[in-house]
**Student:** 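Right, I'll just put the structure down here and ask away after.
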Amino acid sequence: MSEQENKEMLPSQVIFNNLKELLRAKNTAHESMFKFHWKKMWPFSLIWPQVDYERIVRLMSEIRKNTINQKNLVLQAKNKAKDFEKTFLNAVPAYLDALDVSCQKLSAAAQWKQDMLLRRISKDVKLRRDVSEYNQLLKAYEEAQGNLVRAGALVQMGWGEVVQKLGQA
């Protein structure tokens with residue numbers, strides 16, 4: 001994108017594009033961890049490298065840092081925003097909070113999996129207790145995902161207003 005096109009973009013357009021990138025990164029980590037793939041099955045899992053849980057934990061940490069930056073950007077954008085952008089900009093902080101919590105829960109699940117791998121290597125596995133703990137982590141993540149989807153619906157409604165006004169301009 002050229003510098004002139006970037007100057008012509010509304011602050012809400014920049015924020016929306018940033019949100020898409022943050023969500024794309026989070027969803028990639030989600031799929032990496034939970035999506036079924038034949039390479040994850042035995043004996044193929046012995047050949048191909050598996051999910052790097054430590055990398056997911058680091059990525060979720062980076063996304064969480066970026067949500068703080070986006071909140072600051074939203075605060076700045078609200079001062080310059082046009083009236084039709086207000087609904088969108090008012091919905092974004094709640095969405096960023098939900099994204100932060102979702103990343104936190106996914107990170108906890110990935111860390112549990114990494115810890116389990118390390119315990120298996122050292123043969124220190126208490127499977128029954130560990131499985132119930134992981135189940136609780138997954139339920140918390142599922143709840144956080146539901147909250148993220150609901151907050152995302154409000155952001156989409158606000159974004160629809162922005163797109164509608166831009167289409168009329």
Side-chain angles (χ1 to χ4, degrees), residues 1-37 50-115 133-169:
M1 182 178 308
S2 72
E3 192 173 317
Q4 184 179 5
E5 287 175 335
N6 199 20
K7 285 182 181 178
E8 292 176 16
M9 286 182 74
L10 294 172
S12 58
Q13 290 173 305
V14 173
I15 291 168
F16 185 75
N17 288 336
N18 292 345
L19 289 178
K20 285 193 312 188
E21 291 302 315
L22 289 173
L23 192 61
R24 185 174 296 137
K26 192 223 159 268
N27 286 342
T28 300
H30 172 92
E31 287 181 11
S32 172
M33 199 160 145
F34 297 116
K35 190 173 181 184
F36 175 78
H37 196 279
Q50 293 302 295
V51 176
D52 186 355
Y53 299 113
E54 290 176 341
R55 187 172 291 158
I56 290 173
V57 171
R58 282 194 308 268
L59 178 62
M60 293 303 103
S61 174
E62 285 300 313
I63 292 173
R64 292 183 71 205
K65 288 176 191 171
N66 281 317
T67 60
I68 295 168
N69 294 337
Q70 290 305 305
K71 282 184 185 180
N72 293 334
L73 187 61
V74 168
L75 288 175
Q76 293 171 4
K78 281 184 179 181
N79 297 332
K80 304 173 194 174
K82 298 177 178 157
D83 287 339
F84 62 87
E85 295 177 275
K86 299 269 187 206
T87 305
F88 171 72
L89 293 174
N90 288 334
V92 169
Y95 180 76
L96 289 170
D97 288 339
L99 180 61
D100 182 40
V101 170
S102 181
C103 288
Q104 188 177 5
K105 302 300 181 188
L106 181 59
S107 179
Q111 188 62 56
W112 186 93
K113 289 284 231 176
Q114 181 64 34
D115 292 345
E133 181 184 343
Y134 185 63
N135 191 31
Q136 290 171 348
L137 289 171
L138 290 180
K139 285 181 182 179
Y141 176 62
E142 184 179 5
E143 182 181 333
Q145 277 296 100
N147 293 338
L148 180 63
V149 168
R150 285 186 285 281
L154 295 174
V155 169
Q156 285 289 41
M157 282 179 21
W159 183 246
E161 289 180 23
V162 172
V163 169
Q164 185 179 12
K165 290 293 180 180
L166 290 176
Q168 293 175 357

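All values below were derived from every heavy atom in this structure, side-chain atoms included, with hydrogens, water molecules and symmetry-related copies excluded. Treat the numbers as computed from the prediction; the structure is a model and nothing was measured.
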**Student:** Taking all non-hydrogen atoms of both residues into account, name the closest pair between Met60 and Ala29 and its distance.
**Tutor:** CE-CB, 3.5 Å

**Student:** Restricting to non-hydrogen atoms, name the atom on Leu99 and the atom on Thr67 that form the minimum distance, rounded to 0.1 Å.
**Tutor:** CD2-CG2, 3.9 Å

**Student:** Quick check for you: to the nearest 0.5 Å, what is the distance between Leu59 atom CG and Ser32 atom OG?
**Tutor:** 9.5 Å

**Student:** Check the pair Trp112 / Leu138 against side-chain contact (heavy atoms from CB on, under 4.5 Å), numbers first and verdict last.
**Tutor:** CA-CA 10 Å; Trp112 186 93; Leu138 290 180; over 6 Å; no

**Student:** CG of Leu137 to CG of Leu106: how many Å apart, nearest 0.5 Å?
**Tutor:** 10.5 Å

**Student:** Test Asn90 against Lys78 for side-chain contact (heavy atoms from CB on, under 4.5 Å), laying out the working first.
**Tutor:** CA-CA 8 Å; Asn90 288 334; Lys78 281 184 179 181; 3.3 Å; yes

**Student:** Between the main-chain N or O of Leu96 and the side-chain N or O of Asp100, is there a donor-acceptor pair closer than 3.5 Å?
**Tutor:** no

**Student:** Look up atom CD in Gln70 and atom OH in Tyr95, then write down how far apart they are to the nearest 0.5 Å.
**Tutor:** 11.5 Å

**Student:** For the residue pair Lys86 and Ala81, what are the closest heavy atoms and their distance?
**Tutor:** NZ-O, 4.1 Å

**Student:** Which of these, Lys105, Gln104, Gln136, sits in a side-chain contact (heavy atoms from CB on, under 4.5 Å) with Tyr141?
**Tutor:** Lys105

**Student:** Using the rule given for side-chain contact (heavy atoms from CB on, under 4.5 Å), can you reason through Phe84 versus Leu10, listing the C-alpha separation, both sets of side-chain angles and the distance that settles it, and then say yes or no?
**Tutor:** CA-CA 11 Å; Phe84 62 87; Leu10 294 172; 3.9 Å; yes

**Student:** Can a side-chain donor-acceptor contact be found between Asp115 and Gln111 if the only test is distance below 3.5 angstrom?
**Tutor:** yes

**Student:** Quick check: do Asn66 and Asn18 have side-chain heavy atoms less than 4.5 Å from each other?
**Tutor:** no

**Student:** Do we see a donor-acceptor contact under 3.5 Å between the side chains of Arg150 and Asn147?
**Tutor:** yes

**Student:** Looking at Thr28 and Arg24, would you say the former's side chain and the latter's main chain have a donor-acceptor pair under 3.5 Å?
**Tutor:** yes

**Student:** How long is the gap from CD on Glu62 to NZ on Lys65, to the nearest 0.5 Å?
**Tutor:** 4.5 Å

**Student:** Nearest 0.5 angstrom please: Lys20 NZ to Ile15 CD1, how far?
**Tutor:** 14.0 Å

**Student:** Please report the closest heavy-atom contact between Pro93 and Lys71, naming both atoms and the distance.
**Tutor:** O-CE, 4.1 Å

**Student:** Considering residues, nucleotides and ligands other than Asn72, do more than 12 of their heavy atoms fall under 6.0 Å from its CG?
**Tutor:** yes

**Student:** How far does CH2 of Trp159 sit from CG of Leu89, to the nearest 0.5 angstrom?
**Tutor:** 9.5 Å

**Student:** Looking only at heavy atoms, what is the nearest atom pair of Ser102 and Ala144, with distance?
**Tutor:** CA-CB, 3.8 Å

**Student:** List the steps, then state whether side-chain contact (heavy atoms from CB on, under 4.5 Å) holds for Lys26 with Leu148.
**Tutor:** CA-CA 12 Å; Lys26 192 223 159 268; Leu148 180 63; 4.3 Å; yes

